[in-house]
Amino acid sequence: MSEQADRIREKLLELQTELGRIQAVDPEIRGLLESAASDIHGKLASKTPTQDESIVDRLRSVARHFEEDHPTIAGLVENTIDLLGRMGI
């Protein structure tokens, strides 16, 4: 699990970096991503992470928001969703 958890942490850092390059991000979308990232970090710290559809739902909303204007961010979010699925989160 450690390798997968590290990959998820890396994706979250990449997302933060990419978001930092965008001048104006909708505060609601930024909030969704930040709350999902916080919950993900909590799950990764847990000895027995469990599935949480609300995290995935929030990340899907973020991906939809960015898919047209910022496909790199949308791709990173989708990749993170895939990694979470493989871990059972």
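Only a predicted model underlies this, so the values are computations on that prediction, with no experimental measurement involved.
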Under the criterion side chain to side chain contact (heavy atoms under 4.5 Å, CB included), I'd like the reasoning laid out for Val56 against Gln51: C-alpha separation, chi angles, the key distance, then a yes or no. CA-CA 9 Å; Val56 173; Gln51 187 172 6; over 6 Å; no

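- The distance from atom CD1 of Ile40 to atom CG of Leu33, rounded to the nearest 0.5 Å, is 8.0 Å.
- At a threshold of 4.5 Å between non-hydrogen side-chain atoms, the residues Glu18 and His70 do not count as touching.
- Here the shortest heavy-atom pairing between Leu19 and Val25 reads CD2-CG2, 4.1 Å.
- No side-chain donor-acceptor contact under 3.5 Å links Arg21 and Thr17.
- Summarising the geometry, atom CG belonging to Asp82 is positioned 10.5 Å from atom NZ belonging to Lys11; distances are rounded to the nearest 0.5 Å.
- Distance check: Ile89 CD1 to Lys43 NZ gives 7.0 Å after rounding to the nearest 0.5 Å.
- Ion pairing of Glu67 with Arg64 is absent here, as no side-chain N (NZ or NE/NH1/NH2) approaches a carboxylate O to less than 4.0 Å.
- Annotation: Glu68, atom CD; neighbour count of heavy atoms from other residues, nucleotides and ligands within 6.0 Å does not exceed 12.
- Pairing each heavy atom of Leu32 with each of Val62, the nearest pair is CB-CG2, 4.0 Å.
- Here Asp6 contributes atom CG and Leu83 contributes atom CG; the two are 11.5 Å apart, rounded to the nearest 0.5 Å.
- Interatomic distance, CD1 of Ile8 versus CG of Leu13, reported as 12.5 Å (0.5 Å rounding).
- Note on Glu10 versus Arg7: no salt bridge recorded, every NZ/NE/NH1/NH2 to OD/OE distance being 4.0 Å or above.
- Using a distance-only test at 3.5 Å, with no hydrogens or angles considered, no donor-acceptor pair links the side chain of Ser46 to the main chain of Gly42.
- In this structure, CZ in Arg58 is found 4.5 Å from CG in Asp39, a value given to the nearest 0.5 Å.
- Looking at every heavy atom in both residues, Ala63 comes nearest to Glu78 through CB-OE2, 3.3 Å.
- Side-chain contact check for Ile22 versus Asp69: every heavy-atom pair is 4.5 Å or farther apart.
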